[in-house]
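Data first, discussion second: the structure below is written as structure tokens.
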Amino acid sequence: MLSSGKIVVASQHYPPDPSTTAAIMAEIACRIALEHDVLVLSGTPGAVPAGGPGRPRVVVVKNRMTQKAALVRRASAELLFAMRTFFALARELRRGDVVLTVTAPFMLPYAVVAAARLKGARSALIMHDLFPDVLVMAGILKPRSIVTLMIRAANGFMFRALSAVITIGRDAERPIMRYRGMQRDKIRFIPNWATLVPSLRPVTADNPFRGALAARFVVGLSGNLGFTHDPDIVFEAARLLRDETSIHFLLSGWGIGFDRLKQLQAAANLPNVSFVGRVEDSELEAFLAAADIWIIPYRKDVAGVSVPSRFYNLLAVGRPVVLVSEPEAEAALTVVENRLGWVVRPGRPEELAEAIRAACRTEDRAMAERAVKAAAKFDRTTALDAYAHLIDELLRGSKLAEQA
């Protein structure tokens with residue numbers, strides 16, 4: 001039976017946006033809509049899914065997407081989107097409603113929490129990235145700058161006002177709990193999931209992304225490379241391995257990190273590096289199956305700050321990973337606990353190159369099978385049911401919500 005309160009999902013990214021965040025937020029909204037009235041405030045223009053029984057109603061909030069490298073323009077656009085979302089929520093929310101949002105863009109949660117408090121609604125935040133830590137990690141902000149301190153002060157108010165915080169990594173709890181007044185029982189750990197069905201995909205000669213490569217062992221890098229990623233360590237590892245003709249790097253993605261990789265390759269013209277255009281969803285499975293191993297390259301201090309959603313699809317196709325991060329980061333814990341590959345310290349390209357050599361020598365089918373088994377643990381249905389259960393708690397006005 002539908003609750004008398006409605007659910008509002010506020011997200012800049014929503015289909016037809018092709019991003020992982022858009023896909024995740026759409027699946028959550030559709031799952032909750034099976035039992036509740038759901039309104040989506042989307043910042044993505046284009047085709048809007050029709051509402052109806054068991055379907056969310058979607059309203060587009062005017063938004064201007066900018067290039068990620070254009071920091072000033074991007075910040076202005078994101079602030080404007082957050083303000084527009086605040087006014088949209090002020091119109092739509094009623095006492096007893098629940099609003100769910102995500103940390104993209106990072107200004108959005110503050111607007112959502114403020115509107116929820118104003119209207120007597122409850123609020124929940126999905127922590128994909130922790131700000132300002134992401135910006136400090138990327139070198140954009142200094143740890144003790146005025147802007148950093150202002151964001152941390154705003155976070156303190158936000159975390160106390162939130163009814164629930166959903167983390168997608170176990171390592172996120174510690175930095176969140178550093179904020180005064182934050183309560184541990186507000187935090188729910190609901191990991192993301194693989195969008196591909198877990199199954200070992202063999203490496204085949206007729207793979208369209210691999211056919212033109214003469215090397216026996218292919219190292220892949222895919223997806224968005226943003227502020228938290230380190231493209232230089234990948235390129236330096238490729239430089240160190242340039243004379244090992246059995247190893248080739250296959251790169252496809254977007255973001256400022258890939259722009260950097262293309263600049264480095266234009267200058268060096270390494271023979272063991274190839275780029276392909278952004279891969280569509282219909283080709284993702286074939287592309288991920290084209291490599292023998294995949295790299296996820298983070299900068300220093302990633303633990304508790306960001307979790308790579310692409311990680312689960314790499315495991316789902318049965319591929320080991322080389323993760324560049326601290327050992328206490330969520331993905332690193334999963335790699336070590338399940339013996340799924342290698343964890344390399346940030347800023348050490350020689351260690352990354354050696355891990356790739358080890359992977360090339362090993363080619364352990366048991367590791368690939370463990371990857372598929374691990375991916376099955378990150379189940380879509382289990383995660384979506386956990387979101388639905390949390391929303392039910394918040395609608396009922398449980399102790400979790402009343403503490404906010």
Side-chain angles (χ1 to χ4, degrees), residues 18-24 27 168 191-213 215-226 229 231 234 237-238 247-255 257-258 261 272-298 307-325 331 334-335 338-343 352 355-356 359-360 362-380:
S19 69
T20 301
T21 298
I24 288 170
E27 293 212 52
I168 61 173
N192 285 340
W193 54 89
T195 60
L196 299 175
V197 176
S199 174
L200 181 58
R201 278 75 162 181
V203 175
T204 59
D206 61 350
N207 185 292
F209 295 99
R210 191 181 175 108
L213 304 179
R216 178 181 62 83
F217 192 82
V218 176
V219 181
L221 176 67
S222 174
N224 177 39
L225 289 189
H229 301 100
V234 177
I247 300 174
H248 195 91
F249 287 72
L250 181 65
L251 316 178
S252 174
W254 62 96
F258 265 94
L261 283 170
N272 59 338
V273 173
S274 297
F275 288 88
V276 297
R278 182 169 180 170
V279 176
E280 300 296 329
D281 287 347
S282 59
E283 300 177 301
L284 180 61
E285 182 175 343
F287 180 64
L288 296 186
D292 296 274
I293 195 166
W294 287 90
I295 303 174
I296 303 176
Y298 271 114
V307 177
S309 296
R310 77 193 77 176
F311 176 57
Y312 306 112
N313 275 339
L314 303 181
L315 301 182
V317 298
R319 295 299 183 270
V321 297
V322 180
L323 183 73
V324 180
S325 84
T334 302
V335 168
N338 296 277
R339 294 177 294 150
L340 306 177
W342 292 260
V343 176
L352 177 56
I356 292 169
C360 183
T362 304
E363 294 194 70
D364 185 356
R365 180 179 173 85
M367 187 180 291
E369 292 172 346
R370 289 195 297 271
V372 173
K373 186 177 180 180
K377 299 177 184 177
F378 300 98
D379 177 65
R380 173 194 283 107

Within residues 312-325 or reaching into it, pairs that qualify as side-chain hydrogen bond (donor to acceptor under 3.5 Å, both in side chains) - sequence neighbours excluded: T195-N313
Check: F217 ring centre within less than 6.0 Å of H248 ring centre: no
Check ion pair E369-K373 (N to O, under 4.0 angstrom): no
Interatomic spacing from CG in L225 to CD1 in I296 - rounded to 0.5 Å: 10.5 Å
Results of salt bridge (Lys or Arg N to Asp or Glu O under 4.0 Å) for R339 - residues two or more places apart only: none
Distance in Å, W342 CH2 paired with L352 CG, rounded so as to fall on 0.5 Å steps: 11.5 Å
Nearest heavy atoms of L261 and P231, plus distance in Å: CD2-O, 3.4 Å
Pairs involving residues 197-207, ordered by first then second residue, that meet side-chain hydrogen bond (donor to acceptor under 3.5 Å, both in side chains) (sequence neighbours left out): R201-E285, T204-D206
Exercise: identify the closest heavy-atom pair between F258 and G223: CE1-O, 3.2 Å
Atom pair SG/CG of C360 and D292 - distance to nearest 0.5 Å: 8.0 Å
Which residues share a salt bridge (Lys or Arg N to Asp or Glu O under 4.0 Å) with R310, sequence neighbours left out: none
Value rounded to 0.5 Å, distance of OG1 in T21 from CG in N192: 8.5 Å
If you look only at distance, which donor and acceptor atoms sit under 3.5 Å apart when one is on a side chain in residues 275-284 and the other is two or more places apart or in another chain?
none

Pairing residues for D379 by the side chain to side chain contact (heavy atoms under 4.5 Å, CB included) criterion, not counting sequence neighbours: T381, T382
Spacing of S274 atom OG and L251 atom CG [to the nearest 0.5 Å]: 8.0 Å
